[in-house]
Enquirer: 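Below: one structure in structure tokens.
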Amino acid sequence: MKPRSDLPTHDVSNQPPPKGDRDLWAGDPVLRDHVHGANIKALQRQATTLGTTEMAEAARAANRTGPDLRLFDAGGRRLDEVHFHPAYHGFLDLGMTAGYASGPWTGGRHLTHAGMVYLHSQVEPGTCCPMTMSYAAVPALRGSGDVGDLWASKLAVPVYDPTIAPISAKAGVTLGMAMTEKQGGSDVRANTTRAACTAEGWRLTGHKWFCSAPMSDGFLTLAQAPGGLTCFLVPRWLEDQRNAIHILRLKDKLGNRSNASAEIEYHGAFAQMIGEEGDGVRTILAMVHHTRLDTAMAPAGLMRAALGHAHHWVSHRTVFQRRLVDQPLMQQVLADLVLDWEGATALALRVARAFDDPTQAPFARVAVALAKFLNNKLALRVIGEAMEVLGGMGYVEDTPLPMLYREAPLNGIWEGSGNIICLDILRSLARDTACAEALHAALMAPKGASKPYDAALAQHQATWSEPPDDAQARRFAYETATLLTAATLIGAAPSAIADAFCATRLGMKGAPVAGAVPLCDPSSILARLAAG
């Protein structure tokens with residue numbers, strides 16, 4: 001039944017109608033253009049479910065009623081449990097059973113996984129965190145011995161089981177991470193958590209400043225063993241008791257409110273070694289590499305959601321006797337933002353396809369870092385501008401825009417903030433000839449198809465004829481990632497999109513505000529957004 005619009009004081013008019021159920025697949029030509037070869041039926045099912053009003057309300061509930069830390073039971077015995085709103089479990093069940101985490105390890109494709117990240121990020125991005133870590137942990141665990149293989153096999157099952165029980169009693173599990181310590185941050189080699197080998201096995205003692213998803217069934221963590229920094233798997237539950245993991249407090253975060261992050265301590269916690277003693281950093285890098293795919297993909301989903309809400313608003317809102325969407329300046333602003341979203345989506349999905357092809361592994365290593373860096377910088381700009389489109393309503397929690405805005409910085413921080421990522425890009429290109437050659441080939445591939453692209457490519461090659469030093473890392477990463485995005489769009493997106501992107505993004509000294517560079521035909525660009 002419709003709500004009343006004829007109120008005693010006034011009639012409600014010039015307000016957009018409720019969005020209702022949406023098909024996030026049928027309404028997104030950009031996604032459809034770049035997932036050829038993925039499991040389309042799986043993505044369609046997920047898109048249809050996630051687009052319902054019911055799931056929108058569930059996302060609202062999961063964010064308004066955040067995690068609840070329960071340290072002790074009524075008698076004072078330690079629990080160290082985090083409880084969540086049922087909607088949180090509903091999103092995890094939807095994603096895990098669809099193969100969000102397990103699909104690529106059971107014959108599916110990373111491209112399908114990336115599509116699911118994109119879809120879930122549009123509706124409830126907080127619940128992506130535990131699913132992403134569970135997905136990314138598998139390559140770090142497989143082949144590392146009986147313990148790693150056991151956990152990898154349970155992670156590769158499309159089941160969500162939130163019960164408190166040891167791994168032997170569960171069909172499927174989730175895995176978190178506990179890496180960062182106060183004194184080190186990204187410099188994990190400064191970690192002080194100690195690992196001692198006892199008659200009962202390895203025992204860890206120390207603190208972790210950030211533990212992601214503390215109610216996971218286990219955590220990959222780094223600790224100082226006698227042989228050096230080593231990777232360990234710390235199970236949450238032992239066969240007959242709780243492991244000695246004490247939760248100190250939950251982080252009071254800007255966003256990602258449905259999900260828990262915690263400070264923890266290990267008090268002689270039982271742990272099992274993963275990989276070789278002293279080789280912890282190399283062991284964990286396999287997980288980091290795969291989480292970076294998701295942190296490159298998620299901002300595209302956030303942008304899509306923000307622009308979808310903005311377009312719905314302007315399509316139904318009239319100002320000065322004209323619909324907002326028909327106002328020339330509004331068309332310029334929205335079309336400009338669409339180019340950022342389209343480029344980010346195309347680049348991230350191209351990287352996902354490279355994850356599926358072993359011959360493209362060198363390209364994937366450097367391209368995932370480039371996509372993570374650029375896409376997250378663009379997300380902040382796009383979502384902030386989308387809020388402005390709605391005016392005051394964009395700043396109000398009745399719309400999803402505040403939630404999306406709070407989420408926007410997260411993926412740029414997680415798994416290496418901007419400076420770390422840019423320095424990693426320089427090191428990859430300097431140390432791995434195959435990475436440099438693969439990137440060069442990707443940038444050269446569309447040569448001759450676009451004059452603006454050819455000019456920008458020539459300028460890029462001239463500017464960086466010598467490797468950049470560390471102080472130039474951000475400029476190099478920004479310019480290279482933008483050029484790679486253009487190379488991806490040429491031939492893979494409609495010519496109106498690729499041409500406009502090249503004309504407005506390449507050869508520029510800096511990114512202007514949205515709408516500052518006039519677009520000749522904004523209507524053809526907006527058509528990509530209007531489908532939703």
Side-chain angles (χ1 to χ4, degrees), residues 59-60 62-64 66-67 82 84 88 91-92 95 100-101 114 116-136 174 176-180 185-186 208-214 216 250-263 287-307 340-341 344-345 347-348 351 368-387 397 400-422 424:
R60 184 179 173 89
N63 278 272
R64 283 183 172 266
V82 184
F84 298 88
Y88 172 91
F91 276 102
L92 261 70
Y100 179 117
M116 289 191 179
V117 174
Y118 175 82
L119 292 169
H120 275 261
S121 296
Q122 294 180 45
V123 183
E124 209 307 284
T127 47
C128 291
C129 175
M131 294 192 290
T132 284
M133 290 187 297
S134 298
Y135 150 77
T174 58
M177 295 177 71
M179 298 291 171
T180 308
S186 298
K208 293 294 176 181
W209 205 21
F210 279 90
C211 174
S212 300
S216 299
L250 299 185
K251 295 290 192 180
D252 187 6
K253 299 175 293 185
L254 167 69
N256 205 247
R257 292 183 174 178
S258 65
N259 184 51
S261 300
E263 296 178 30
M287 183 177 187
V288 170
H289 179 58
H290 286 78
T291 52
R292 284 184 177 175
L293 172 61
D294 289 21
T295 57
M297 189 75 254
L302 298 176
M303 285 187 258
R304 174 67 182 100
L307 289 174
D340 287 336
W341 155 56
T345 305
L347 179 59
V351 172
V368 73
L370 289 165
K372 171 176 158 51
F373 178 71
L374 180 60
N375 288 0
N376 283 291
K377 300 307 177 190
L378 295 177
L380 289 161
R381 153 187 151 114
V382 170
I383 297 170
E385 290 283 358
M387 292 181 78
E397 297 285 350
L401 269 299
M403 181 273 287
L404 295 169
Y405 190 74
R406 288 192 297 268
E407 195 75 15
L410 175 62
N411 292 285
I413 296 170
W414 189 21
E415 294 298 24
S417 54
N419 285 359
I420 296 295
I421 293 298
C422 292
D424 280 355

Enquirer: Kindly indicate whether the side chain of Ser212, heavy atoms from C-beta on, has any atom under 4.5 Å from the side chain of Met179.
Expert: no

Enquirer: Kindly compute the distance separating CG (Asn376) from CD1 (Ile421), expressed to the nearest 0.5 Å.
Expert: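 Result: 9.0 Å between the selected atoms.
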
Enquirer: Which pairs, with at least one residue in residues 401-412 and sequence neighbours excluded, count as a side chain to side chain donor-acceptor pair (under 3.5 Å)?
Expert: Asn256-Glu407, Glu397-Arg406

Enquirer: Dump the intermediate steps for side-chain contact (heavy atoms from CB on, under 4.5 Å) on Glu415 and Met177, then the final yes or no.
Expert: CA-CA 11 Å; Glu415 294 298 24; Met177 295 177 71; 3.5 Å; yes

Enquirer: Looking at Gly418, is its backbone amide N or carbonyl O close enough to the side chain of Lys377 to form a donor-acceptor pair, meaning the two atoms are under 3.5 Å apart?
Expert: no

Enquirer: Nearest 0.5 Å, what's the NZ-CZ distance between Lys251 and Phe210?
Expert: 4.0 Å

Enquirer: Might you point out which heavy atoms bring Ala306 and Ile383 nearest each other, and give the distance in Å?
Expert: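 In this case the closest contact between Ala306 and Ile383 is CB-CG1, 3.9 Å.
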
Enquirer: Using every non-hydrogen atom in the two residues, find where Leu404 and Ser121 come nearest and quote the distance to one decimal.
Expert: CD2-O, 4.4 Å

Enquirer: Please answer whether the main-chain N or O of Ala262 pairs with a side-chain N or O of Lys208 as donor and acceptor at a distance below 3.5 Å.
Expert: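 Here the side-chain-to-backbone pair does not exist.
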
Enquirer: I need the minimum non-hydrogen distance between Ala348 and Asn375, along with the two atoms involved.
Expert: CB-ND2, 3.9 Å

Enquirer: Say you draw a straight line from CG of Leu380 to CG of Leu302; how long is it, rounded to the nearest 0.5 Å?
Expert: 10.0 Å

Enquirer: I need the minimum non-hydrogen distance between Pro214 and Ala260, along with the two atoms involved.
Expert: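 Scanning both residues, the minimum pair turns out to be CD-O, 3.2 Å.
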
Enquirer: Closest approach of Phe373 and Cys422, non-hydrogen atoms and distance?
Expert: CE1-SG, 3.5 Å

Enquirer: Supply the atom-to-atom distance Glu263 CD to Thr180 OG1, rounded to the nearest 0.5 angstrom.
Expert: 11.0 Å

Enquirer: Checking side-chain contact (heavy atoms from CB on, under 4.5 Å) for the pair Arg304/Thr345: CA distance, chi angles, key distance, verdict?
Expert: CA-CA 9 Å; Arg304 174 67 182 100; Thr345 305; 6.0 Å; no

Enquirer: Is the closest basic N to carboxylate O distance between Arg292 and Asp424 below 4.0 Å?
Expert: yes

Enquirer: Is the shortest heavy-atom distance from the side chain of Tyr135 to the side chain of Val117 under 4.5 Å?
Expert: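 SC-SC contact between Tyr135 and Val117 ruled out.
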
Enquirer: Compare every heavy atom of Ala136 with every heavy atom of Thr291, then report the nearest pair and how far apart it is.
Expert: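 Looking at all heavy atoms of both residues, the closest pair is CG2-CB, 3.3 Å.
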
Enquirer: Distance-only check: which donor-acceptor pairs under 3.5 Å involve side-chain atoms of residues 127-134, not counting sequence neighbours?
Expert:
residue : atom : partner : partner atom : Å
Thr127  : OG1  : Glu124  : O            : 3.0
Thr127  : OG1  : Glu124  : OE1          : 3.0
Thr132  : OG1  : Tyr100  : OH           : 3.0
Thr132  : OG1  : Cys128  : O            : 3.1
Thr132  : OG1  : Asp294  : OD2          : 2.5
Ser134  : OG   : Pro130  : O            : 2.8
Ser134  : OG   : Leu175  : N            : 3.0

Enquirer: Would you compute the distance between atom CG of Leu378 and atom CE of Met303 and round it to the nearest 0.5 angstrom?
Expert: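 Between atom CG of Leu378 and atom CE of Met303 there are 5.5 Å.
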
